[in-house]
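The structure under discussion appears below in the form of structure tokens.
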Amino acid sequence: MVRVTSLINCKAYIKFKPVRTASAITVIDGRIHYVGDSEKATRIAKLLGGEVVDLGGSVVMPGFIDAHMHLDSLGINLNSLDLRGTKSIAEIKEKLKEFSVRTTTKWIRGRGWDQELFAEGRWINRWDIDEVVPDRPVLLVRVCGHVGVLNSKALELVKKAGVQLKQPYFDVDGEGELTGIVRESGLGEVLKLIKYGEEELLKYTEDAVVHALKHGVTTVGLTGCSHEVLSALQILNSLSKLKIRARAYLNHELLPYLRKLGIRCGFGSSRLKVMGIKVFADGSLGARTALLSRPYADDPSTKGVAVISKEELARIVKEASEAGLQLAVHAIGDEALDMVLRAYGEVLSHVRALRHRVEHTSVIRPEQIKKLSEIGAAVALQPHFVITDWWVIERVGAERAAWVYPFKSIINSGVMVGFSTDAPVEPINPWETVYAAATRGAYEGVNLYEYSRDEVLDVADILHYYTYGSAQLLHSEDEVGTLEAGKYADLIVVDEDPLEVDLKELKSIKVLATMVGGEFTYSSRELSIN
Ligand code: ZN
């Protein structure tokens with residue numbers, strides 16, 4: 001039996017570039033069949049025995065496509081202590097004490113602290129945590145996801161597991177004592193020790209999917225997906241519980257297996273596809289591990305770190321390209337981007353065809369933008385970094401301000417662009433990202449704004465790159481990204497018209513309902529749809 005739904009009496013944004021609207025949409029068997037007026041949409045539904053949903057003038061638009069995020073980490077976060085915005089180490093202790101009583105997991109996990117906000121004016125250390133939790137292992141990850149702090153119990157377990165607790169990955173104080181701060185691959189080693197069972201991972205993944213749908217995200221790009229997470233996604237899919245579309249970039253260690261299996265970009269179904277692999281070239285600006293071409297302005301002793309050698313990166317890029325797999329390479333500093341551009345330069349014919357991506361490009365020189373455009377590479381941008389990295393001018397200095405998050409310059413140069421949140425690094429709520437791209441922290445007093453007002457984007461453009469643009473990054477623009485006839489009915493109903501509200505109001509727009517493939521996967525109390 002065919003499933004027919006007509007959404008009528010709405011202002012539906014069919015697409016954003018150029019803006020096109022309609023007042024009704026008819027969905028047949030999960031795909032958009034008709035876009036036009038309410039009268040005809042009602043007639044089609046009645047004729048085919050379908051249902052008519054009167055939206056009473058609400059705004060409808062394509063669902064958001066978050067091109068770079070981490071479903072498993074988001075799920076773990078939803079089930080761990082949220083430390084974002086914590087203003088002092090004392091406040092962390094208080095929250096941790098309370099959380100440790102009600103959580104039963106072996107490891108106690110928290111995430112989101114930022115030492116820049118601490119009243120104490122110093123980093124948190126293991127002795128701070130020992131004061132409140134001495135007997136269970138604790139890991140609290142910094143807001144950037146590249147640095148964490150462990151308590152003494154956790155350090156003991158990590159050491160017992162045979163991990164070398166050495167600099168530069170494990171910090172020591174003046175006396176040579178471990179402080180509990182762990183960085184980059186050191187943190188990676190620690191995370192590997194915290195194992196989740198299949199059941200737990202399924203729950204976390206499903207929680208994250210529900211959370212993303214509630215915020216109007218209908219497709220996600222999983223950048224850095226382990227084999228366990230891919231397996232969890234497949235189980236959810238087989239149980240018809242994968243209510244979101246997922247596009248996976250597997251951890252590069254899995255490349256040999258993908259090659260052996262002959263899995264190429266696009267393998268899977270419209271619900272779940274393998275696109276390629278994710279590789280890291282450098283770290284983060286927050287931790288001063290992003291690789292810059294010149295030293296940090298606020299710490300001239302370092303210019304960051306390459307977390308992979310040029311040769312290794314080039315080898316992976318070549319092997320993946322030849323295997324028909326898309327690449328997503330994390331490069332935040334401009335020298336890391338040089339490494340990626342060099343590696344991509346050696347597989348030129350594949351770059352445009354496979355839409356090889358660069359993740360973040362936070363610090364990018366004008367000639368690098370031009371180069372990205374010339375070779376046909378794509379970039380996944382996270383506009384909310386502008387607000388979170390409010391200290392970024394201190395890190396890079398005023399003379400490099402024009403190189404930081406130059407979204408408009410990147411778009412104007414013709415580079416293929418998609419938007420994303422890197423959730424849980426930034427909030428999954430797309431309206432926070434839309435707001436950040438439209439204001440660049442002007443209302444938060446972010447001083448990058450003063451240097452780069454010209455990089456502010458139009459709301460319609462932002463919505464275009466956050467829907468169609470992101471779909472392009474995921475090779476999915478023929479399936480999703482606009483509400484044109486023939487595409488999947490992946491759409492959201494919202495309580496305000498994003499093109500009409502004051503910029504300040506953008507982040508308070510609420511998603512009233514989310515539809516994926518013609519099925520309502522979320523609806524708020526305000527709009528009760530069965
Ligand atoms: Zn990420």
Side-chain angles (χ1 to χ4, degrees), residues 66 69-70 73-103 108-125 128-129 131-133 138-151 180-181 187 207-208 211-212 214-215 217 284-288 362 382-395 405 420-449 503-510:
D66 194 326
M69 57 85 71
H70 307 273
S73 310
L74 178 60
I76 290 165
N77 260 32
L78 291 170
N79 288 281
S80 64
L81 179 59
D82 184 1
L83 295 171
R84 277 172 300 165
T86 311
K87 299 280 190 291
S88 67
I89 296 169
E91 190 185 339
I92 291 188
K93 287 188 203 167
E94 216 171 284
K95 286 182 172 169
L96 181 60
K97 192 169 183 183
E98 192 262 330
F99 184 74
S100 68
V101 177
R102 61 188 164 88
T103 182
I108 297 175
R109 292 191 59 171
R111 181 157 172 165
W113 58 270
D114 181 352
Q115 80 287 350
E116 302 279 351
L117 303 176
F118 293 165
E120 290 86 349
R122 63 169 176 89
W123 287 63
I124 186 170
N125 60 45
D128 293 315
I129 310 179
E131 273 177 44
V132 280
V133 186
V138 176
L139 168 64
L140 307 178
V141 177
R142 194 183 176 279
V143 65
C144 63
H146 291 258
V147 177
V149 60
L150 299 161
N151 66 348
I181 293 290
L187 178 58
D207 285 355
H211 187 73
K214 190 175 158 191
H215 284 104
V217 180
S284 75
L285 286 167
R288 294 191 194 84
S362 302
Q382 299 75 31
H384 201 267
F385 282 176
V386 165
I387 291 176
T388 306
D389 298 356
W390 53 272
W391 34 256
V392 71
I393 297 297
E394 278 169 45
R395 288 279 191 283
Y405 303 124
S420 55
T421 61
D422 205 1
V425 175
E426 300 297 331
I428 187 81
N429 178 357
W431 297 109
E432 299 242 17
T433 284
V434 174
Y435 167 79
T439 63
R440 285 182 83 78
Y443 302 113
E444 286 74 20
V446 170
N447 68 1
L448 175 63
Y449 173 75
L503 293 184
K504 276 186 181 168
E505 306 299 315
L506 282 168
K507 62 178 172 182
S508 17
I509 292 178
K510 293 263 171 315

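Note that the numbering runs from 1 along the sequence shown for the chain.
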Determine the sole option in [options] for which the side chain to side chain contact (heavy atoms under 4.5 Å, CB included) test with [X] is passed.
X	options	value
N151	V138, I108, V132, N125	V138
L96	V101, L83, I129	I129
F385	V392, L285, V425	V425

Between V446 and R440, is the side-chain contact (heavy atoms from CB on, under 4.5 Å) condition met? List the steps. CA-CA 8 Å; V446 170; R440 285 182 83 78; over 6 Å; no
Minimum-distance pair of heavy atoms, taken over all atoms of [X] and [Y]:
X	Y	value
R109	F99	O-CE2, 3.8 Å
V217	P430	CG2-CG, 3.8 Å
L117	W390	CD2-CZ2, 4.1 Å
I428	A423	CD1-CB, 3.8 Å
A436	I387	CB-CD1, 3.8 Å
E120	I89	OE1-N, 2.9 Å

Do [X] and [Y] make a side-chain contact, defined as non-hydrogen atoms from C-beta onward lying under 4.5 Å apart?
X	Y	answer
D389	W391	yes
L187	H146	no
Q115	V147	no
I92	I124	yes

To the nearest 0.5 Å, how far apart are [atom1] in [X] and [atom2] in [Y]?
X	Y	atom1	atom2	value
Y435	H384	OH	NE2	8.5 Å
R84	T86	CZ	OG1	9.5 Å
L140	L81	CG	CG	7.0 Å
D422	H70	CG	NE2	4.0 Å
E98	T103	CD	OG1	11.0 Å
D207	N77	CG	CG	11.5 Å

For salt bridge (Lys or Arg N to Asp or Glu O under 4.0 Å), just list the numbers for R142 and D114, CA-CA rounded to whole Å, side-chain angles, deciding distance to a tenth of an Å, and then say yes or no. CA-CA 6 Å; R142 194 183 176 279; D114 181 352; 3.2 Å; yes
Consider side-chain hydrogen bond (donor to acceptor under 3.5 Å, both in side chains). Of T388, T433, T421, which one does E426 pass it with?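 Going through the options one by one, the only one that passes is T388.
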Atom NZ of K214 with >12 non-hydrogen neighbours under 6.0 angstrom: no
Can you check salt bridge (Lys or Arg N to Asp or Glu O under 4.0 Å) on K507 and E444, steps first, answer last? CA-CA 13 Å; K507 62 178 172 182; E444 286 74 20; 3.7 Å; yes
Using only atom types and a distance under 3.5 Å, with no angle test, would you say the side chain of [X] pairs donor to acceptor with the backbone of [Y]?
X	Y	result
R395	G286	yes
N79	G75	yes
S88	E91	yes

Which label fits W113 and W123: parallel for a plane angle under 30°, tilted from 30 to 60°, or perpendicular past 60°?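 It falls in the perpendicular class, over 60°.
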